[in-house]
Amino acid sequence: MKDLKELKKIEQYADSCIKCGFCTFFCPVYQEDKIETNVARGKNFLIRQILKGEQKFTKEMQDILGRCLLCKRCWFICPPKTQIDRVVMAARAQKVNEKGMGFIKRLIFSKLMSHRKLFGLFAKIVQKFQWIMPRTEGNVRHVPDFVKVMGRRNFPEFAKKFMRDRVKPVYESADGKPAKIRVGFFMGCLIDFMYPDLGLKAIEFLTRHGVEVVVPKDQNCCGIPMSTNGDFKTARMLANKNIEAFEKLNVDYIVSICATCSSGLKDYQKYLPENEEQKKRYEAFEKKIKDINEFIFDNLKIKPEDLTLKKEFQGKTATWHDPCHLVRYQNIKDQPRAILKGLNGLKYAEMPNADLCCGMGGSFSVYHYDITKKIGAKKMNGVKATGADIVVTACPGCMMSLEDSAIQNNMPQKVYHILELVE
Amino acid sequence: MLKKSIINELKYIVGETNVLTTPEALKAYSYDGTTDWQHEPDVVVFPMTTEDVSQIMKLANKEKIPVTPRGGGTNVSGGSIPILGGIVLAMTKMNRIVKIDKENLSATVEPGVVLQDLTIALAKDGLFFPPDPQSFFGATLGGIISENGGGPACVKYGVTKQYVLGLEVVLPTGEITRFGGRTIKNVVGYDLMHIFISGEGTLGIITQAELKLNPLPPAKKTIMAVYNDMADAGETVFRVLEKGIIPGKIEFLDNYIINRVEEMVPIGLPKDADAVLLFEVDGIPEAIEKEAAGITDIAKQYGAREVRPAKDQAEADQYWTARRAGFAATFGKSPTVKNEDVTVPRGMIPDLLNKIKEISKKYDVTITVLGHAGDGNLHPAILTDRKNNEHYERALKAMDEIIESAVELGGVVAGEHGIGLEKQKFFRKTMDPVAVDLMIKIKKLLDPNNIMNPNKIWD
């Protein structure tokens, strides 16, 4: 009998479920196949059975645990607010404790992604060989047709030069005056490898608004891929490395333009602490983290009408996609909308189901790409209904997934990070 | 355990992917919205067509396998628990809205359609299906019809049985049959359709339904009345109706619920009030203004210390969110909650409320009250803990006494949740024995092998 250590920590959350079934309506995965094991209520029930010793981590159980996007859409409507994200992640962690990670995941998470230099080297090799993947259009490539298992999935290509190789350690405020705010910039993997221009644009934007930006070299992956897969040990190691990297810099805030990263950094205190001291340290770190949307709006207090819309977007209609990690993990939904609605020359149209997950769910989409595609198609129906020319969001993960969905559904709309719209 | 050959036959009927037999899946179909009841089936089957259901029933009838129909699994009386094992017939994949007929004000639906999906689809055509069980995010039409569900809107609009024009039913022996039709009036022979509405899935499987719809009212208005004595609130309910105003909804929240809701979503509910009533009037804008003014006057006349009309829809939405949160407020606060569904004639509401207060004192247990006061349907909930024997005993006694009091006042044990397993022990006590006998005979006639949702309603 194992100690069920990770599950004991979340027992109270699992017990709060009243089995009302409201989650069924909001769960993107359940909506696709209508099977009870795929929805929060079913998972939660089975996890409680594990706690009671009446259920084991069978292969089927592991598969069931994998079928959650962690989008928290069910939590939002849940009457007793059952924290299903904690329950599912703890169950995955418990499984890792008992059964191990699985060779490939362990290799990727604890040996590759968690080692900054090695991961960069690996990404460079991939970059060199990405010509294997045929080009769909622009800088989007797809899985070759002969690899049938994954469908014809489209990806943005790796950048020629990564952000880490292009940044300076310190950027002073552009007006030459002493900066009113000093922030640390957190890159995250996708910005580093795939969207470095966007990262540099963010830094330039911040310095232009009187902010001094420092970019520590020894920052790492935020740890979300590990913690969501139950590898709390590696995630904790990364949390500690990241905190160390920023702690000594004496910054007022730490800003990220990736919704998943900013939420990941904020939530170290929620998922990872093993003792009180660690909890306090993670909580202090959380207070410094700002997603770019809240930072522009709440901290810099920039008025949307003072921002300049780039020429290419003049007269266009935009619609906003809420990344799960923004709207539910960080309760950031009004700020980006205010920016889009306030930008001179841009029209805004709200899409139905703006808060519906794009379907990616990180590694979920690797194992369940068929479901991802169906959810993506629903998302695209929402986009179509608005008649919007462009889809705007603030998470590189969502951008990848939405771009793929648009191509899969033969739609002309391009996907942009909100920062790409402004000068 | 079912024979391998039977599982194979089921797979042959509905296809491999529509038959679940893993221990995990069986566990996930062992429960519904109740706290106490749980039993695993031997197999979960998802039919896709009426023909599938018919073939499954023929097989089950031949092999004498119990069959429990299940929709969204939101039942709160244990009706969808496969208490004898066997087959859970999960209707969730038969979820097409077949037709919305604007001219006839009717819709044809399959049983697995979730109420909220129907509501959204109908709203596009300016229509609505009035019965509104508060489990609408999960509840399916098949279950709502089988339980004759209701909700807040029933004070003005009535319950599900008033909105079913026709049913297609697969009988326990596998025959496919139709009752009613697409018309409002229909007096051709015995009205057998209605025994399937509120049959709690014990007489057959509903495979298609013709629903009666209403046009969406053009305007709505919400009024909150605050009371120092809950009995006054109870009186206001029937005084308003007696004076000729029929609001769309009249909902009741007691002091306990008000405070828990305020803790969760602070919207400025009066924390010291003994009770509040929420009224919603709907209809033509000029008419509802007059109705709202009328309610305000009557509420003040019968003891409301304050009457607050919501100034806009946003404020109204807040009040209704609070009302919905009331349910979580009760369930979240106690390890075990015994939720009641008693219903009394409207004039008896003040007596029932006073009686509940007395019972709460007598047995020293917290009893919260929330409910659809407008139709006399209250949901007193007793907060207890099954692990604390002594407390639990008292809670059960209190529950018995609430039900006895409701029946004495001319009411019934269940208004909208059904009997299922949860209320079984009160069934014979509160029903006419001749009627019970007749029901048992009807059940035998339709289901000779007692395979259709067996052991429900009566023991």
Side-chain angles (χ1 to χ4, degrees), chain A residues 11-13 15-27 30-52 54-67 73-83 91 352-353 370 378 385, chain B residues 17-18 20-35 37-38 40 44 46 70-76 80 88 90-95 112 114-117 119-120 134-140 143 264-265 321 324-335 337 339:
Chain A
E11 192 167 10
Q12 52 167 318
Y13 305 117
D15 279 346
S16 69
C17 171
I18 57 172
K19 299 203 252 87
C20 68
F22 281 19
C23 44
T24 55
F25 192 78
F26 296 88
C27 175
Y30 177 84
Q31 282 297 322
E32 291 309 327
D33 56 17
K34 305 272 184 181
I35 295 176
E36 183 77 20
T37 46
N38 283 346
V39 76
R41 178 173 62 170
K43 291 192 176 72
N44 197 76
F45 183 83
L46 288 168
I47 292 167
R48 281 159 81 173
Q49 297 296 305
I50 295 176
L51 271 159
K52 285 185 189 159
E54 284 165 23
Q55 172 68 43
K56 298 251 163 0
F57 284 103
T58 56
K59 212 165 166 291
E60 173 78 7
M61 186 66 216
Q62 294 178 41
D63 180 62
I64 290 167
L65 288 176
R67 288 173 184 268
R73 214 161 172 249
C74 58
W75 161 84
F76 191 73
I77 193 71
C78 176
K81 287 270 181 269
T82 299
Q83 299 194 35
N353 279 348
D370 52 329
K378 271 190 192 156
Chain B
T17 51
N18 285 325
L20 307 179
T21 52
T22 63
E24 289 78 8
L26 300 183
K27 284 193 178 98
Y29 285 87
S30 69
Y31 56 77
D32 62 7
T34 44
T35 25
W37 300 95
Q38 207 174 299
E40 285 177 31
V44 182
F46 295 84
R70 186 185 194 269
T74 55
N75 191 301
V76 282
S80 39
V88 157
M91 306 304 287
T92 45
K93 294 190 186 184
M94 280 179 75
N95 65 342
V114 172
L115 178 55
Q116 181 69 1
D117 282 321
T119 303
I120 292 169
Q134 294 299 286
S135 51
F136 52 78
F137 284 130
T140 57
M264 292 195 294
V265 268
T321 306
R324 271 203 300 280
F327 152 76
T330 316
F331 279 86
K333 279 290 162 187
S334 184
V337 177
N339 191 19

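The sequence lines fix the lettering, A, B, ..., with proteins before strands; numbering per chain opens at 1. Since this is a predicted model, take the numbers as computed values, not measurements.
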Let me check something: any side-chain donor-acceptor pairs from residues 45-52 of chain A under 3.5 Å, sequence neighbours excluded? List them with distances.
{"unit_1": "R48(A)", "atom_1": "NE", "unit_2": "D15(A)", "atom_2": "OD1", "d": "3.4"}
{"unit_1": "R48(A)", "atom_1": "NH1", "unit_2": "A14(A)", "atom_2": "O", "d": "3.4"}

For this session: Would you mind checking which part of S30(B) comes under 4.5 Å of any heavy atom in chain A, side chain (CB onward), backbone (N, CA, C, O), both or neither?
Result: side chain

Problem set entry | Under 4.5 Å from any heavy atom of chain A - which part of T74(B) | both

Exercise. Relative to chain A, which of A25(B), G73(B), G72(B), A139(B) shows the most heavy atom pairs under 4.5 Å?
Worked result: G73(B)

Problem set entry | Contact winner vs chain A - D117(B), V337(B), N95(B), T17(B), heavy-atom pairs under 4.5 Å | D117(B)

Seminar exercise, completed: Applying a strict 4.5 Å limit to non-hydrogen atoms, the region of I120(B) in contact with chain A is side chain

Exercise. Between the side chains of E36(A) and Y31(B), is a donor N or O closer than 3.5 angstrom to an acceptor N or O?
Worked result: yes

Problem set entry | By side-chain contact (heavy atoms from CB on, under 4.5 Å) - contacts of T82(A) (at least two apart) | S16(A), C17(A), N44(A), C78(A), P80(A)

Seminar exercise, completed: So, the part of Q134(B) with a heavy atom under 4.5 Å from chain A: the answer is backbone

Exercise. Would you say the side-chain atoms of K93(B) and N18(B) include a donor-acceptor pair closer than 3.5 Å?
Worked result: yes

Exercise. So what's closer than 4.5 Å to chain B heavy atoms on I35(A): side chain, backbone, both or neither?
Worked result: both

Problem set entry | Heavy-atom neighbours of K81(A) NZ exceed 12 at 6.0 Å | yes

Problem set entry | G138(B) backbone acceptor or donor facing Q116(B) side chain under 3.5 Å | no

For this session: Tell me, for D32(B) versus chain A, whether the close heavy atoms (under 4.5 Å) come from the side chain, the backbone, both or neither.
Result: backbone

Exercise. So does F76(A) have more than 12 non-hydrogen atoms from other groups sitting under 6.0 Å from CZ?
Worked result: no

Exercise. With respect to chain A, which residue among V114(B), T22(B), T34(B) yields the maximal number of heavy-atom pairs within a distance under 4.5 Å?
Worked result: T22(B)

